[in-house]
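Residue numbers begin at 1 in each chain, while the letters A, B, ... track the order of the sequences.
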Protein chains: 2
Amino acid sequence: MTQSKTDPRVLRTRKLIMDSFIELSGKKEFKDITVKDITTEAKINRATFYYHFEDIYDLLDKVLSEVLLINFNSIDFEKSELNEASIIDIFVAITDFQKAISNRCHRGYDETIARIIREQLEIIFYGMLRKQHTTEEDESLRITAVILSWGVYGASVEWRRNRKESSPEEFIKSAIPFLISGIEHV
Amino acid sequence: MTQSKTDPRVLRTRKLIMDSFIELSGKKEFKDITVKDITTEAKINRATFYYHFEDIYDLLDKVLSEVLLINFNSIDFEKSELNEASIIDIFVAITDFQKAISNRCHRGYDETIARIIREQLEIIFYGMLRKQHTTEEDESLRITAVILSWGVYGASVEWRRNRKESSPEEFIKSAIPFLISGIEHV
DNA sequence: TTCCATTTGTCGTTTATGCAACACATTGAT
DNA sequence: ATCAATGTGTTGCATAAACGACAAATGGAA
C-alpha cells in the first residue's frame, strides 16, 4: 500500500469494482447487493475485492465519497475563499448530489450518505479555513469546521423537507450572514 | 501459456491493447503507430505488450483476425452446410469487412488484410467440409479448402474492382454452380 | 556522415490478481 | 427446526503485470 494509488493495476481494478457497484445499484437495493455480485459483474476475483476494500460498506463509503467529490470538483477550492459565493456553491453541490443519489440508488443509503456528506464538508471547510486563517490556533479551526459542516448539512436536510418553497440558492442565502460573521470572528 | 486464454487478466489486457490499437488506427497510419503509443494509450506497461504479442505486426494480425471473425460470427457455422446460402453469407461478410476496414484504417494494411482473410476462409471452409464429408481423406479436404479460400477471396478482389456493376450477392451467385459442383465431387 | 533522441526487445525483481480451499455465517425452502 | 445452498472473509500458492534498466536498432537534424 506504499504507492498503490499510482499502480495502473490498482486504478483499473478499483474502477472496475466501483463501476460494477454503481451499475448494480441501479438494479437492486443496497441490501440485496452481495460482494459476489460485484466481483462477478466486474469479472475480478472475490479475493481481490478484499484486497482493496474491507467489506461492502467500505466500498459504499468510498464510492459515495468519490461521487460527491466529483460534484465538489466543479468548485475551484484553490482560488475560492469561504465567502457567500463559495458557500452557495457548496450548498448547491450537496443538494445536486442528493438529488442524483436518490434518483439512482434505492432506499437504505440515507444514514451513510448523511455521514459521507458531513465528513467531506468538514474536510473542505477545514482546508479553506486554514488557508484563510493561517495564524489561528488549529484546534479552533477544526471545531469551526465541524460546526459549519453540521450546520450546512442540516440546512440541506431542512431544504429537502420544504423543497418546494425556494431554490437552494435562495434558501442558503438567508443563513449566509450568520455563517459569514461566525467565520470572520473565529 | 497453459490455459492463459481463460485468465481474466489476460482477457482484459489483450482487449485493452487491441482497443487502443484500433483507436490509434483511426488517427494515424499503421507505419506511424509505435508500440509505445499503444501501451501509453492502453495504460499498460510496455513489457506486458511483449508478453502477449511478438511485435506490432503480430498485433495487427490478431486484431484483423478478430474483427473478421466478428463479421463471420453472425453466420451460424454449426448449422450451416457449405451450400449456396452459406457461401453467399461468407462472401457478403468478406465484402462488409473490407468496407469497414478501408473506412477505419489508413493505407498500408492491404497485403496483411488479404492474407488474414484468406487464412480465415481456409479455416472456415475446412471446418465445414469436414463436417460434410466425414468419410473423405483429410488431405483432399485441406486442398479443397485452400482452393476455395483463394477462389472466394479472389472473387472479392474482382468484385471490388467492378463494385458498381452488381451487389456482392448477385456477383457471387454467378460462381455458385461451379463452386457447389466442385464441393460435391470432392 | 555524425550525433542525438526515440523506439525496440529483453531481462530480473517486485507487486497485484487469480484461484482453490477453508471455516463460518446467513438465508430459504420444506 | 432442519437441512441445503449461498455468501463471507481469509489463507497459501501460482501467475500476470508493473517497473526500471539495458544494449541494440532506428530515425531525423546538423
C:dA16, OP1 or OP2 - any side-chain N/O from A:His52 closer than 4.0 Å? no
C:dT17 OP1/OP2 closer than 4.0 Å to side-chain N/O of A:Tyr51: no
Please tell me which of the listed nucleotides, [options], lies nearest to the side chain of [X]?
{"X": "A:Val10", "options": "C:dC19, D:dC19, C:dA16", "value": "C:dA16"}
{"X": "B:Arg9", "options": "C:dA16, D:dA18, C:dC19", "value": "C:dA16"}
{"X": "A:Thr13", "options": "D:dA17, D:dA18, C:dT17", "value": "C:dT17"}

Using side chain to side chain donor-acceptor pair (under 3.5 Å) as the criterion, list what pairs up with [X], not counting sequence neighbours.
{"X": "B:Ser20", "answer": "none"}
{"X": "A:Lys15", "answer": "A:Asp19"}
{"X": "A:Asp37", "answer": "A:Lys28, A:Thr34"}
{"X": "A:Asp61", "answer": "A:Arg115"}

Please write out the pairs of protein N or O atoms and N or O atoms of nucleotides 8-12 of chain C separated by less than 3.5 Å, giving the distance to one decimal.
| residue | atom | partner | partner atom | Å |
| --- | --- | --- | --- | --- |
| C:dT8 | OP1 | B:Val35 | N | 3.1 |
| C:dT8 | OP2 | B:Val35 | N | 3.3 |
| C:dT8 | OP2 | B:Lys36 | N | 3.2 |
| C:dG9 | OP2 | B:Tyr50 | OH | 3.1 |
| C:dG9 | N7 | B:Arg46 | NH1 | 3.0 |
| C:dG9 | O6 | B:Arg46 | NH2 | 3.1 |

With a 4.5 Å cut-off on side-chain heavy atoms, are B:Leu148 and B:Leu82 touching? yes
Axial bend angle, the helix from C:dT1-D:dA30 to C:dT30-D:dA1: five-pair end segments, nearest 10°: 50°
Review item, nucleotides 3-5 of chain C N/O atoms under 3.5 Å of protein N/O:
none

What I want to find out is whether B:Lys62 reaches B:Glu66 closely enough, with some N-O distance under 4.0 Å, to be called a salt bridge. no
Round to the nearest Å and state the distance from B:Asn45 atom CG to D:dC19 atom P. 6 Å
For the pair made of CG in A:Leu11 and P in D:dA18, what is the distance, rounded to whole Å? 11 Å
Do any pairs count as a salt bridge (Lys or Arg N to Asp or Glu O under 4.0 Å) and have a residue in residues 39-52 of chain A, sequence neighbours left out, and if so which ones? none
Restricting to side-chain contact (heavy atoms from CB on, under 4.5 Å), what partner residues turn up for A:Glu84, sequence neighbours left out? A:Ile88, A:Lys173, A:Ile176
List the residues meeting salt bridge (charged side-chain N to carboxylate O under 4.0 Å, His left out) with B:Arg12, not counting sequence neighbours, and say none if there are none. none
Applying ring-ring contact (aromatic ring centres under 6.0 Å, His included), can you list everything that pairs with B:Phe53, at least two apart in sequence or on another chain? B:Phe49
Under 4.5 Å side-chain linkage, directly or through intermediates, the cluster mates of B:Ile143: B:Ile147
